[in-house]
Amino acid sequence: MLSYLANPLRFMRFSRLAVPISFALGALMIGWSLYNGLFVVPPDDAQGGDLMRAMFTHVPSAWLCMGLYAGLAGASFIWFIWRHELADVAARAIAPIGAGYTALCFITGSIWGQKGWGAGWHNLILGDSRLMSVLVLFFLFLGYMALRAALETRQKAARAGAILAMIGFINVPIIKVSVDMWQTTTIHQPSSVISIGNPEPRDEDSGMNIIYLQQLLWGFGGHTLLAAAMVMMLMRSEVYTQQADRALALKLEGA
Amino acid sequence: MSPSPLLSAFRSSLSEAWANGAGLLLPLGFFTGTATLVPFALGPEAELLSRVGPGVLWLALALSSMVTLERVFQADLQDGALDLWLQDIGSISLVAAIKTLTHWLVSGFPLVLLTPLIGFGLGVPTEKMVPAMLGYAMGGLVFFLWGGVAAALSASVARAGLLIALLALPLYVPALIFGVQMVEAGFDSPSFLFLSASTLFALGVAPAAMGAALRLAAE
Amino acid sequence: MSPSPLLSAFRSSLSEAWANGAGLLLPLGFFTGTATLVPFALGPEAELLSRVGPGVLWLALALSSMVTLERVFQADLQDGALDLWLQDIGSISLVAAIKTLTHWLVSGFPLVLLTPLIGFGLGVPTEKMVPAMLGYAMGGLVFFLWGGVAAALSASVARAGLLIALLALPLYVPALIFGVQMVEAGFDSPSFLFLSASTLFALGVAPAAMGAALRLAAE
Amino acid sequence: MSDGALISGADLGAIRGERVLYRNVSVTAQAGDLILLRGANGSGKTTLLRQLAGLSEPQSGTIERDGLHHWIGHTNGLKAYETPRSHLSHWARVWGSEADIGLILNEVGLNRPADVPCRLLSAGQKRRIALARLLLEQRKLWLLDEPFNALDTDGQALLAEMIEAHRSEGGAVLAALHGSAPIEATREVTL
Amino acid sequence: MSDGALISGADLGAIRGERVLYRNVSVTAQAGDLILLRGANGSGKTTLLRQLAGLSEPQSGTIERDGLHHWIGHTNGLKAYETPRSHLSHWARVWGSEADIGLILNEVGLNRPADVPCRLLSAGQKRRIALARLLLEQRKLWLLDEPFNALDTDGQALLAEMIEAHRSEGGAVLAALHGSAPIEATREVTL
Ligand code: HEM
Ligand SMILES: Nc1ncnc2c1ncn2[C@@H]1O[C@H](COP(=O)(O)OP(=O)(O)OP(=O)(O)O)[C@@H](O)[C@H]1O
Ligand SMILES: Nc1ncnc2c1ncn2[C@@H]1O[C@H](COP(=O)(O)OP(=O)(O)OP(=O)(O)O)[C@@H](O)[C@H]1O
Ligand SMILES: [Mg+2]
Ligand SMILES: [Mg+2]
């Protein structure tokens, strides 16, 4: 699949259709999960009453911001090793989307947490390993974009960005395990869908209720498609501008 | 590279650190500043001071690492010394690593040595000293290594200062979390392991990254 | 000199401050750093943070003033811009003053503007804000003026960083003491008058001193 | 001070470290003069020029200047972030000159990289910016330290013309130089 | 790579900003060659030299090098706090050369300021330190960017001799140059 799309022309052909389709599908699925999540399912008071409805955006965005950074690092790695231009285009396109979803995860999380945390929640963000590591992820996305913007040529930007993106990847596993590893330093609730690390034993009812899980997964699928659509859209425009540059360069060579 | 080049890289960057003194500026300024300020800001209650001390030390480490290395790498770029280093292929990451370690030794390590002084001054309990010092030593090392990467990445950039802060801080945070915890909790806390781990990780990854970034800066 | 040269000196040093970003580095790094670290070091108790906050801000001011200006004047010396300024006899101290004020505006003033944000973040009581901001503004100005003198003095000297720290800090202390007291005690404290006095004194003396020092540096 | 002289230094001396670079050197420049400073590397040409420019105190002797002068040293006085245009318009403002920057940039052959930051420019292009400063404002006296360095043949011809034009307009030029000069001088001072 | 060539670059190209500096430039240097890079200010000589030295990636074309080379750029790679002696002994250690520093300093006429920190040295003296690096260690290929800049006539003669000697010992030299060359070249590449 990837190797098939590695060819820019094929990518452009594929994405011309893929973008609108995944936009539509994603919107539908998100709408569905939100409709159910906000109006249908009963609130779970153990989880903060109606506030917990933020979950149906929070968890998908949380997973996505990690996934997108993994994508950024992966693309950077591919470009760094094989100098594959499309990989760089992808990396460049992923960054803003990833930053967006990181922000979304943070906002929804704060909404969710608002009640439980009360007034001093800003201190909690700073003192909380999970929240902090997500904040770090956000800074990494910003730093990546700032670095690219600061460098003169695309080559330079690509190389510098790739170095940074690959280093920063270490943060993703940290985010994932931050809850299970350092219960002491987080109020964030542990992974209940997929948990790695060593979660401390729970009693039965604390596993996630199936009707929540459904909406959550709908939302996750929808947001994944939406993110994919936006990334591909940015990639397309980037490819166009690069083609334009090349044309200009050729013209200048002629002149 | 044979040891002797690295040795003389070390010697030269020692004299560099000593020459531009910037390394010493921050810790020194910081301590004089702290010593003057903390009592004013907080009043003399020892209990309170002993809790502010560590945070201030971490700040000093983070700052000196960022500012020192920015200056070093940018100077190398401007006066053409970087070009000379780059002639001998392959050496550059090693050289960068040594420069970083040297400047850590000059600007970061004094903080560690001063910990007991400050500590007693601020009334930190004695048994906390040793783990604290080790924590600062390792944490500072990580700061300098990642700070070096950030500085190298933005060496060729005009608006470097701001960028370095933006790039370095996220890289600092993990070591920071573990470091602070370790200084609090001592050796038998998991954070000791985590801090050691992230130190090793930085030692393994940062030099290569700096090398690549410096090659890029010279372009 | 007629206003227009000074105006464009201001404009150029604005773009300089923006370009080498060192000015922005420290406040920004410092705040992100502080915001990240202080709670780690102290735990989230608002009461404690609110009392550490001011001290940390003062440190930020003192440091950013020292580091920024050192870099500026040394760059002017190395790239020969100082020689150009010195051609128009008499202008130099004015120019130095303007450079200093500009960099205060860029690296010092943001602290003042950010005071409310940080303040609320750290839980500083609201009624303290206004005197605090004025205190930081004046104190920062004094820091930058004396810091500028120190930087100009050491522009031509090796080991500048260390020298600057040694020269500047004693000059800082009075403004520091009054400043902290004023932030604590508000307007109707004598320290308000003292701080204003030392600000005026610095404004009167520092520019001439900087001019002389820069002439010396160019020799 | 011999009347009509734009600058005159009398028995100037310079001591660096424990070394006497030169002593009893006298230089006077009338309108139309081109005075070349000659001497081996490290003989003190730059030092002397800086003393004449008032940038450093002579250890002995006296200097009298008549009005402002232009200075071009070994370094060009450029900032990494400046572009040729911004640099020139900056100094134009400082000196209160109305000169047309675009025209001057054209004259020194910098209209192409006019908006490229200096850290990306070539050595000769940077030198040409320094030359452009000479055209920003009419100043009778030019003090130039190895002005031909890094210039290509066109650039050197350009500078030679500029100097000739300046002299014919009643200006004077003091220049430190190595090797053969592309312009014949009124007088040479050898250190 | 044509055998015996110390360096050979084929159809090299450089793009800066949206400007194509040069394309399809090929350079090959055999033992004994002196190749001069010619071109106006900003034509791309430094860029080409840096590509040949491996300091920057060519936008097109390939470069093959045979062993290490010496590099002298527009800047001399000196630190303000270094003295000529300390600078040379530093690089001697880095390169593991046993050369006699005192002798070399003498050769390039720096024994007098041998222990004066570089920030106090004259432009030509700094340039001479860069030349001295060429004598620290035998390297077949020299890449020099306007090496004659800031040198006095003796210094230029000295460098010319050094280059001749290097060529006769089977070395090769690539140099960017303006104006008339004090040595006749094997070949000229004009950008
Ligand atoms: C700004 C605040 C918050 C941030 C930055 C944040 C971040 C994250 C992240 C990164 C994940 C994915 C972790 C994983 O997949 O293991 C996650 C999952 C989750 N978060 Fe949050 N969170 C925040 C606040 C909250 C709050 C207040 C709650 C509920 C009280 C909450 C409940 C959850 C739940 C239930 C999951 C799913 C866990 C799983 O099954 O993996 N979050 N959050
Ligand atoms: N502190 C010092 N101790 C000893 N010598 C010094 C000291 N400071 C400067 N010098 C010497 O003073 C001289 C300064 O010379 P100057 O720069 O004027 O030479 P120049 O004629 O311009 O040479 P060039 O042609 O290379 O530019 C140098 O020889 C330098 O070595
Ligand atoms: N980002 C950029 N945008 C536009 N032009 C650029 C950019 N970067 C570099 N340049 C141009 O590339 C050229 C670099 O040339 P280079 O330094 O190789 O010239 P050179 O032949 O060494 O000239 P000199 O003889 O003056 O040393 C300059 O003309 C410069 O203006
Ligand atoms: Mg000179
Ligand atoms: Mg060049």
Side-chain angles (χ1 to χ4, degrees), chain C residues 1-25 68 71-99 102-103 106 155-156 158 211-219, chain D residues 14-16 46-47 49-59 63 65-83 85-98 101 117-119 126-127 129-130 132-134 136-137 139 141-146:
Chain C
M1 280 169 94
S2 74
S4 85
L6 300 187
L7 210 69
S8 74
F10 172 71
R11 278 179 52 175
S12 73
S13 50
L14 249 189
S15 51
E16 177 178 27
W18 172 238
N20 67 26
L24 296 174
L25 160 65
T68 313
R71 182 165 316 198
V72 170
F73 287 141
Q74 237 152 21
D76 280 354
L77 185 67
Q78 277 160 17
D79 61 29
L82 180 57
D83 294 343
L84 293 180
W85 282 116
L86 287 168
Q87 296 308 309
D88 307 338
I89 298 102
S91 70
I92 186 66
S93 34
L94 268 167
V95 173
I98 286 174
K99 271 179 179 284
T102 319
H103 283 279
V106 173
S156 60
L214 285 177
R215 290 205 156 282
L216 188 70
E219 283 259 325
Chain D
I15 302 175
R16 291 288 181 274
T46 299
T47 311
L49 271 176
R50 292 183 71 83
Q51 290 179 346
L52 291 170
L55 289 171
S56 76
E57 291 272 308
Q59 273 70 40
I63 299 173
R65 254 179 252 87
D66 165 16
L68 290 175
H69 56 264
H70 276 302
W71 166 263
I72 293 184
H74 281 299
T75 54
N76 296 318
L78 305 172
K79 303 277 174 199
Y81 54 86
E82 283 179 325
T83 68
R85 197 187 303 284
S86 69
H87 177 81
L88 291 178
S89 47
H90 163 60
W91 285 104
R93 280 197 307 276
V94 173
W95 296 336
S97 106
E98 263 73 43
I101 307 293
C118 288
R119 72 176 175 287
K126 290 184 200 145
R127 201 63 177 162
I129 302 179
R133 280 202 308 265
L134 298 173
L136 271 182
E137 189 187 36
R139 291 184 178 185
L141 181 61
W142 291 359
L143 301 175
L144 315 177
D145 198 350
E146 303 190 24

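Here is the naming used below: chain letters follow the sequence lines, and residue numbers restart at 1 for every chain. Computed from a predicted model, the values in this text were never measured in an experiment.
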Options D/H74, D/H87, D/E57, ranked by heavy-atom pairs under 4.5 Å with chain C, top entry: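 Winner by heavy-atom pair count: D/E57.
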Selection from D/L143, D/T47, D/L78 maximising heavy-atom pairs under 4.5 Å formed with chain C: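 That would be D/L78.
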Separation between CZ of C/F73 and NZ of C/K99, rounded to the nearest 0.5 Å: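 Spacing of CZ (C/F73) from NZ (C/K99) equals 7.0 Å.
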Region of D/L55 in contact with chain C, defined by heavy-atom distances below 4.5 Å: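 Looking at D/L55, backbone and side chain both touch chain C.
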Interchain contact, D/R16 with chain C, by part (heavy-atom threshold 4.5 Å):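 Neither; nothing under 4.5 Å.
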Check: D/W95 ring centroid to D/H70 ring centroid under 6.0 Å: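 Centroid separation for D/W95 and D/H70: below 6.0 Å.
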Crowding at CD, D/E98 (>12 non-hydrogen neighbours, <6.0 Å):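 No, the 6.0 Å shell around CD holds no more than 12 heavy atoms from other groups.
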Single hit among D/L49, D/L52, D/L144, D/L141 for side-chain contact (heavy atoms from CB on, under 4.5 Å) with D/W71: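 It is D/L49, the one option of D/L49, D/L52, D/L144, D/L141 that forms the side-chain contact (heavy atoms from CB on, under 4.5 Å) with D/W71.
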